[in-house]
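Read through the structure below, which is laid out as structure tokens, and then see the notes.
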Amino acid sequence: GGAVPSLKTLAKNKAGGGAAEDEGADGRTGLSAAAIEARAHSRSLRQMLPFTWRDLGDTQGDSYRFGDTMLEEASVLLALTQVLLQKATAEPLNEQSMLNVFGWLRKAAGVSEACLECVREAGVPADEMPDDLKNGLVETLVGVTMVQAQHLSVRRAQMNIKTNAAITHTLIARICHDTAERYRAMEKKVLKLSKAGTGAVDPKTGKKKPVAENGVAKYFLAHIRYKQLYFMGMAYAMLGIGRVQQDDDEGVAYGIRNLMTANDMFEKAGMAAKAFVDAARTFVYIDNVTIMTALDDCKSVTKQIMDKANKVNQTVFFKPIPEQPDALPDRMSNIKAEPFPDYPIDPMWTNEMYACFNPQNGKKIQCGKVAEDIECCNQQ
């Protein structure tokens with residue numbers, strides 16, 4: 001809020017930092033020596049109050065107490081990301097609402113990036129951070145939100161391919177290829193998240209705790225594997241349709257092979273989609289139109305085009321079907337997160353105000369999971 005200074009600014013003002021205000025040591029900012037000294041100690045002001053939040057990454061759904069205002073800021077940004085994703089989910093997905101949903105997703109990605117940057121700048125040890133701010137969860141959230149927005153671009157392109165000459169099957173294949181590869185790249189990060197906490201030792205017994213299933217990681221893995229297969233299928237389907245439309249022997253033969261590959265990908269995506277539905281949660285946007293029913297539609301359309309192409313090949317071209325499909329065209333993407341605007345320091349935070357606080361008077365904060373009888377988000 002406006003009553004506190006920008007927490008990122010506090011981080012930049014720590015001793016040895018590179019903020020412009022630290023340049024006052026040689027007179028370039030006009031700050032007094034006392035103000036420079038006060039701001040050099042501003043990082044310690046971050047650690048005077050405890051904050052307790054529900055930890056989205058905790059396998060038991062427990063809350064976590066930490067003692068750093070920058071982590072508080074990151075947690076607020078993570079919560080704002082969820083609000084934006086809920087707005088995207090609440091929109092009925094149709095041609096008119098797609099731009100709104102697209103906007104919410106880009107905003108959510110931008111806020112997630114701001115959250116991630118805040119965590120990086122805080123420089124807090126991992127053992128003093130909740131699981132939802134480490135182990136790759138925020139990075140995964142950024143990536144998933146971006147590809148969900150790109151999915152809408154694919155759908156709009158499909159809807160307008162007959163009326164917009166600039167949109168071709170190859171163009172859509174390139175975007176689908178990029179989307180599938182984005183999902184593939186995220187899988188390693190999610191695997192790291194799923195292994196977080198393994199080998200933890202119970203402080204009471206001294207024995208290793210059993211590894212609890214991480215529901216968040218399970219959700220993301222299921223989501224990623226399903227969507228990766230789906231978009232690979234879409235890429236080959238678009239490539240196959242374009243090839244068939246060449247209306248020559250090579251085009252039809254390779255078109256059939258591409259469509260066969262697409263159908264195989266859709267079959268595998270169907271199995272992965274069932275696991276995805278089982279693991280689904282409400283805090284990430286889900287395009288329900290593509291789940292199961294849309295996959296069946298994809299398979300049906302692909303089979304119709306493939307059967308028609310086979311009939312033409314068997315009566316006109318007599319071309320052997322290649323063993324391998326075409327190589328997918330180069331990836332293409334222009335999707336970008338909408339940057340989250342920075343917010344200024346409240347004018348009340350003058351040099352004198354900084355100097356009024358004595359970090360030595362702050363109590364030592366015990367970081368970690370909170371007791372079961374403490375309710376999160378409102379305890380100091």
Rounded to the nearest 0.5 Å, how far does CD of Glu181 lie from CE of Met186? 11.0 Å
Asp296: which residues meet the salt bridge (charged side-chain N to carboxylate O under 4.0 Å, His left out) condition with it, sequence neighbours left out? Lys299
Pro322: partners by side-chain contact (heavy atoms from CB on, under 4.5 Å), with sequence neighbours left out: Ala253, Tyr254, Arg257
Can you name the side-chain contact (heavy atoms from CB on, under 4.5 Å) partners of Val244, sequence neighbours left out? Leu259, Ala309
Determine yes or no for a side-chain-to-main-chain donor-acceptor pair under 3.5 angstrom, with Asp62 supplying the side chain and Lys369 the backbone. no
Tell me if a side-chain donor or acceptor on Ser63 pairs with a main-chain N or O of Val370 at a distance below 3.5 Å. no
side-chain contact (heavy atoms from CB on, under 4.5 Å) with Asp264: which residues, sequence neighbours excluded? Lys268
All salt bridge (charged side-chain N to carboxylate O under 4.0 Å, His left out) counterparts of Lys274, not counting sequence neighbours: none
Taking the ring centre of each residue, are Tyr230 and His151 less than 6.0 Å apart? yes
Across all chains, not counting sequence neighbours, the salt bridge (charged side-chain N to carboxylate O under 4.0 Å, His left out) partners of Asp249 are none
Contacts satisfying side chain to side chain donor-acceptor pair (under 3.5 Å) that involve residues 101-113 (not counting sequence neighbours) are Thr81-Ser112, Lys107-Glu338
Donor-acceptor pair, distance only, cut-off 3.5 Å: does the side chain of Asp55 make one with the backbone of Asp132? yes
Validation: residues 173-180 side-chain donor-acceptor distances under 3.5 Å, sequence neighbours left out:
unit_1, atom_1, unit_2, atom_2, d
Arg174, NE, Asp330, O, 3.0
His177, ND1, Pro329, O, 2.8
Asp178, OD1, Arg331, NE, 3.2
Asp178, OD1, Arg331, NH2, 3.1
Asp178, OD2, Gln150, NE2, 2.8
Asp178, OD2, Arg182, NE, 2.7
Thr179, OG1, Gln150, NE2, 2.7
Thr179, OG1, Ile175, O, 2.8

Using the test ring pair (Phe, Tyr, Trp, His ring centres under 6.0 Å), find all partners of Phe317 that sit at least two apart in sequence or belong to another chain. none
Under 30°, 30 to 60°, or over 60°: which ring-plane class applies to Phe231 and Tyr183, parallel, tilted or perpendicular? parallel
Please identify each residue that fulfils salt bridge (charged side-chain N to carboxylate O under 4.0 Å, His left out) with Glu187, with sequence neighbours left out. Arg225
Got a sec, which pairs hit side chain to side chain donor-acceptor pair (under 3.5 Å) with one end in residues 156-169, sequence neighbours left out? none
Transitive ILVMFWY cluster of Met232 at side-chain heavy atoms under 4.5 Å: who else is in it? Leu229, Tyr236, Leu239, Met265, Leu328
Aromatic ring pairing Phe357/Trp349, orientation class (parallel under 30°, perpendicular over 60°, tilted between): parallel
